[in-house]
Each structure stands twice: as C-alpha cells, then as structure tokens.
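Following: one structure in structure tokens, then a few remarks.
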Amino acid sequence: MTQQDIQVQDGQELREAKKYFSYHLLEWYQGQKRDLPWRRHRNPYYIWISEIMLQQTRVDTVIPYFNRFIERFPTVESLADAPEEDVLKCWEGLGYYSRARNIQHAAKQVKELYGGQVPNDREAVFSLKGVGPYTAGAILSIAFNRPEPAVDGNVMRVLSRYFLIEDDIAKGPTRVKMERLAAELIPEGEAASFNQALMELGALVCTPKSPRCLTCPVMEHCAARLAGCETSLPVKTKAKPPRPEERLAALIEGRGAHAGQVLIRQRPQSGLLARMWELPHWPAPHGEGGAKGARLPEAAALDRLRRSLWEAGISARPEKHWMAAEHIFSHIVWTLQVYRCSEEDALPLPIAAEGRAVYNADADLFSGIDSSMPIERFEDGTASPEDGGAVRWISREDMANYAFPNVFLKLLNLYFDEQEERAKLEQ
DNA sequence: AACACGGGGCG
DNA sequence: CGCCCAGTGTT
C-alpha cells in the first residue's frame with residue numbers, strides 16, 4: 001500500500017466515524033433529553049436568556065433563576081424597559097453580574113434595532129452585547145435550526161475525546177478548529193437537536209472526571225476510549241491560582257432613628273461586583289512578620305477599621321470581632337474579618353488632620369486626601385458619591401430591594417437571625 | 001494572548 | 001476541603 005492509499009483509507013474511516021457519531025448521538029438524544037424549562041417552547045428569547053445563564057453555570061442552578069427571570073421579564077420589551085437594579089436583583093447569587101447588565105443592554109438593542117424580535121442572522125445575533133461565538137451559535141441553531149456550531153466546554157470535551165484531539169482547549173485557535181469539526185458533524189436539518197445532543201452528552205455521560213463510557217451511545221468508535229486515555233482529555237492549561245486578600249469589614253448597627261438597621265454600601269459602577277451592595281470593607285494592613293492568614297491583633301484591627309470608616313465619611317465605632325467569612329472568585333480570595341460597629345451621632349473628632357478620602361479604583365480602597373470633595377447627602381441622611389460609596393441603612397425587609405453578592409447575603413441573614421434570637425431571649 | 005469576571009459541585 | 005468547571009469583554 002502506498003502512503004496515499006493509507007491516507008485515503010484514513011480519510012474514509014474518519015468520514016465513517018463522523019457519520020456514525022452524528023447518527024447515534026442524535027438517536028440517543030431523542031430518548032434521553034432532559035425536560036428543561038427553555039426546551040418547552042421554541043421561543044428565541046427563552047433560548048437566549050437560558051444560554052446566557054448557562055455560561056459558567058450548571059443546569060440545576062440555572063432552572064430556578066430562569067423561571068423567576070421569565071416570570072419577571074416575560075418579553076424582550078419588558079426586559080429592555082425594566083430598571084437595571086431589578087435585573088441585577090433577579091440575577092443575585094448567579095455571579096458574573098456583567099452578564100445581567102449585558103443582557104439588558106442587548107434587550108434594548110433587540111427592541112430598537114429589530115422590533116423586539118431576536119434576529120436570526122449571524123451578524124445581527126453576534127452584535128448583541130454579551131453574545132459571543134458560542135451563544136450566537138446556540139441561538140441560531142437551537143432557536144432557528146440553522147446549521148451553526150455551538151462549541152462550549154462540554155462540546156470540546158466530547159470532541160477532543162471522540163476524535164482524540166490533544167490541542168490545548170484553552171487556546172483560541174483550538175476553539176476555531178473545534179467549530180469547523182462541529183459544523184461538519186451537523187446532520188442535514190438537525191442542527192437544533194444535534195447541538196443540544198452534543199452538550200447533553202458532555203453534561204450527562206462524557207463528564208470531566210469519570211465519564212460513563214459504558215452508557216455512551218458512541219463508545220465503540222471513541223478514539224480516546226479505544227486508546228485508554230479518555231480521562232486525560234481534553235488537554236487544558238491550568239489557570240493560575242487566585243491571589244489572597246485580607247479585608248476588614250464593618251457590620252454597623254444603627255441607633256436611634258436607625259435602630260435595628262445595618263449600613264450597606266454600593267460598589268462602583270464598573271469592575272468587580274459592579275453596582276452590587278455590600279458591607280463596607282477595606283484591605284487589612286499586612287501583618288508584619290505575623291503568620292500567614294493570622295488575624296490582626298484585635299486592637300490594631302479596630303484601630304485600622306476606625307480610620308477607614310472615618311476616611312469614608314462614615315460615623316461609626318468598631319467594637320468587637322464578629323466572625324470571618326470567605327468569598328472566592330476565580331482570580332481573588334477575600335478573607336473578610338467582620339467587626340461589629342455601632343453608629344455614632346456625628347463624625348468623631350478628627351483622628352488626624354486629613355480631609356475626605358478619595359476612592360482609588362486601581363487599589364480598590366479609599367485613600368488619599370481631598371478636602372474639596374463634598375459629602376452629598378440624601379434626605380434620609382445617607383451619602384452618595386457618584387461612583388460607588390453610596391450608603392443606606394437597611395432592615396431585613398429592605399434586603400429585597402438591593403442586590404448582594406452571596407457572601408454578604410449570608411452575613412446579613414446571619415446577623416438578622418442573631419438579632420431575632422436575641423430579641424426572643426429578652427422577652 | 002492574557003486577564004477580569006462568581007459561584008457551586010464533586011470525590 | 002482541595003480541586004475543577006468556563007464564555008465574553010477588555011486591554
């Protein structure tokens with residue numbers, strides 16, 4: 001046999017393997033597909049919302065969010081016309097909050113540019129904020145049955161194993177390669193089912209850690225399984241570890257008119273957790289010579305927090321360490337040491353002859369001196385700098401009106417639970 | 001190409 | 001409890 005003959009034969013085998021794959025996968029999907037809320041209709045708006053939510057988030061987590069979201073914003077227009085804070089509140093706990101802001105921006109695009117109908121051509125779908133190559137393909141194929149690839153992590157895992165592709169899936173060109181392959185595999189007129197089948201297989205059978213090969217509809221011709229290397233695929237470079245950040249947080253209990261309330265602060269309009277609400281917190285000074293992760297001595301922490309509060313224009317006195325909490329991002333780990341503080345009637349006498357603090361977005365801290373910066377006050381006495389730093393006194397009931405990252409949601413609920421317990425005991 | 005951007009599940 | 005999972009936007 002000549003070299004050319006071998007290549008021809010390999011080419012034929014590959015074509016056979018592809019046809020086999022598509023046929024059996026589709027067959028399997030008809031019988032195994034899960035009943036999911038967004039699969040009950042072929043509503044492009046539902047498909048779109050679900051696909052955005054499903055980015056970086058698993059199906060079980062998304063389902064309740066999707067149902068609430070559709071109930072609250074049933075149409076593109078209702079989403080476009082809603083206050084942004086309502087959309088954020090609906091997204092609370094899902095993470096990656098820019099998805100929520102992008103989706104509303106895109107809803108306005110759809111309303112104004114496409115008469116409220118999700119467009120079905122590639123250019124238009126791709127131009128929507130928050131819609132990249134994967135989501136565009138998912139919308140076009142699932143909602144409109146157009147033969148576009150929709151390559152996510154599941155799909156790359158399945159394809160890398162079945163075709164034994166050892167390219168690093170963290171690299172950009174690999175995704176493009178996978179898209180070409182995925183497009184070839186779509187059976188005529190079956191884009192919607194086939195693309196969902198591919199992802200369903202990745203989610204239910206061809207899982208990252210211990211794939212259920214024995215129940216796989218295409219195991220017979222899976223190159224990785226035949227080679228015994230399925231668990232070492234796909235190849236992916238590791239992300240670098242998150243950097244640790246120690247922070248001092250203030251749980252400030254109101255007095256007088258604010259009795260029973262707690263002070264919260266709004267984050268800046270861009271960057272990490274943009275526009276979400278939180279307990280005020282600042283970087284802890286580095287423990288000089290102290291053991292890693294060790295708490296600052298109580299007195300030093302109280303002092304430092306007192307200073308930070310004062311610099312932020314908040315009149316409160318740190319009293320006592322309450323608890324520690326962790327918040328893990330993909331790139332940062334916050335260790336929050338939370339201190340109970342009590343509201344004071346007025347700013348205390350200056351600790352030092354410094355003016356108002358300036359928010360330094362780069363370092364995420366309030367520092368520096370700018371006595372010209374005014375303190376804006378609302379009628380209820382709360383302050384509101386332009387870019388974050390707005391503060392409010394809230395009770396448990398008011399939590400429904402503000403969107404919090406999970407760690408603060410938990411801290412606030414714990415605190416209010418404790419207060420209720422205390423009130424009961426005193427009776 | 002590298003980094004920013006949350007949260008949850010699994011073994 | 002350490003490890004893993006992942007699209008889009010920005011730079």
Side-chain angles (χ1 to χ4, degrees), chain A residues 48-65 88 90-106 109 125-139 149-158 160 167-176 178-179 182 195 199 202-204 206-212 231-245 267-278 293 325-336 361-364 403-410:
Chain A
W48 170 35
I49 299 301
S50 67
E51 289 301 337
I52 298 293
M53 287 185 170
L54 287 164
Q55 292 168 6
Q56 292 98 12
T57 312
R58 45 180 8 92
V59 167
D60 291 343
T61 306
V62 164
I63 290 173
Y65 279 94
L88 261 188
C90 225
W91 210 269
E92 180 185 73
L94 254 189
Y96 286 97
Y97 299 98
S98 64
R99 291 186 295 171
R101 289 195 287 148
N102 289 342
I103 212 174
Q104 196 190 17
H105 179 103
Q109 288 179 291
V125 172
F126 204 83
S127 75
L128 299 177
K129 192 90 166 173
V131 175
Y134 164 71
T135 310
I139 293 172
V151 174
D152 68 353
N154 285 315
V155 173
M156 288 203 275
R157 187 170 57 253
V158 171
S160 71
D167 303 54
D168 183 349
I169 64 166
K171 306 282 186 192
T174 306
R175 201 205 71 231
V176 175
M178 295 281 188
E179 282 174 347
N195 282 354
M199 293 187 268
L204 300 180
C206 197
T207 52
K209 290 287 189 60
S210 40
R212 301 163 173 82
T231 52
S232 54
L233 287 174
V235 173
K236 196 172 92 172
T237 55
K238 274 189 193 163
K240 64 173 188 179
R243 65 175 186 276
E245 280 189 15
R267 294 185 60 82
Q269 60 170 327
S270 62
L272 191 65
L273 302 168
R275 289 183 227 182
M276 302 286 284
W277 292 79
E278 64 182 4
E326 243 185 18
H327 195 51
I328 302 173
F329 304 86
S330 45
H331 55 314
I332 308 171
V333 179
W334 279 350
T335 303
L336 299 169
D362 289 335
D364 188 24
F404 299 95
N406 262 358
V407 66
F408 296 110
L409 215 48
K410 286 172 187 163

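A/Lys171 is linked by a side-chain contact (heavy atoms from CB on, under 4.5 Å) to A/Asp168, A/Pro173, A/Thr174, counting only residues two or more places apart in sequence or in another chain. Every residue meeting the salt bridge (charged side-chain N to carboxylate O under 4.0 Å, His left out) condition with A/Asp167, not counting sequence neighbours, appears here in chain and number order: A/Lys177. Partners of A/Arg175 according to the salt bridge (charged side-chain N to carboxylate O under 4.0 Å, His left out) rule, which considers only residues two or more places apart in sequence or in another chain, are A/Glu179. The side-chain contact (heavy atoms from CB on, under 4.5 Å) test applied to A/Arg212 returns A/Val205, A/Thr207, A/Thr215, not counting sequence neighbours. Residues that satisfy the ring-ring contact (aromatic ring centres under 6.0 Å, His included) test with A/Trp277, not counting sequence neighbours, are A/Tyr402.
Using C1' as the reference atom, B/dC3 and C/dA6 are 14 Å apart when rounded to the nearest Å. Atom P of B/dG6 sits at a distance of 15 Å from the matching atom of C/dT11, rounded to the whole Å.
Between A/His331 and A/Leu272 the shortest side-chain heavy-atom distance falls below 4.5 Å.
Using a 4.0 Å heavy-atom cutoff across all strands shown, A/Ile328 reaches at least one base atom of the nucleic acid. A/Gly93 comes within 4.0 angstrom of the backbone, heavy atoms only, and of no base.
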Per-nt protein contacts along nucleotides 5-11 of chain C (heavy atom under 4.0 Å; B base, S backbone sugar-phosphate only, - none) come out as SBBSSS-
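Atom P of nucleotide B/dG7 and atom CE of A/Met276 are separated by 6 Å, given to the nearest angstrom. Residue A/Phe404 contributes atom CZ, which lies 18 Å from atom C1' of B/dG7 at whole-angstrom precision. A straight line from CD1 of A/Ile52 to P of B/dG6 spans 15 Å, rounded to a whole angstrom. In this structure, A/Glu326 atom CD and C/dC3 atom P are separated by 14 Å, rounded to whole Å. Taking atom NZ of residue A/Lys238 and atom P of nucleotide C/dG2, one finds them 15 Å apart after rounding to whole Å. Rounded to an integer number of Å, the gap from CD of A/Glu245 to C1' of B/dC5 is 14 Å. Rounded to whole Å, atom C1' of B/dC10 lies 13 Å from atom CG of A/Asp60. To the nearest angstrom, P of B/dA4 lies 17 Å from CZ of A/Arg101.
Mapping A/Phe329 and A/Pro173 onto DNA chain B by nearest heavy atom places A/Pro173 closer to the 5' end of the strand. With DNA chain B read from its 5' end, the first of the two nearest nucleotides for A/Lys240 and A/Pro405 is the one closest to A/Lys240.
Put simply, A/His331 has no side-chain N or O that comes within less than 4.0 Å of OP1 or OP2 on B/dA4. Between A/His327 and B/dG7 there is a side-chain N or O to OP1 or OP2 distance below 4.0 Å.
The A/Tyr97 side chain lies nearest to B/dG6 when the options are B/dG6, B/dG8, B/dC3.
Aromatic rings from A/Phe329 and A/Trp334 are positioned such that their centres are separated by under 6.0 Å.
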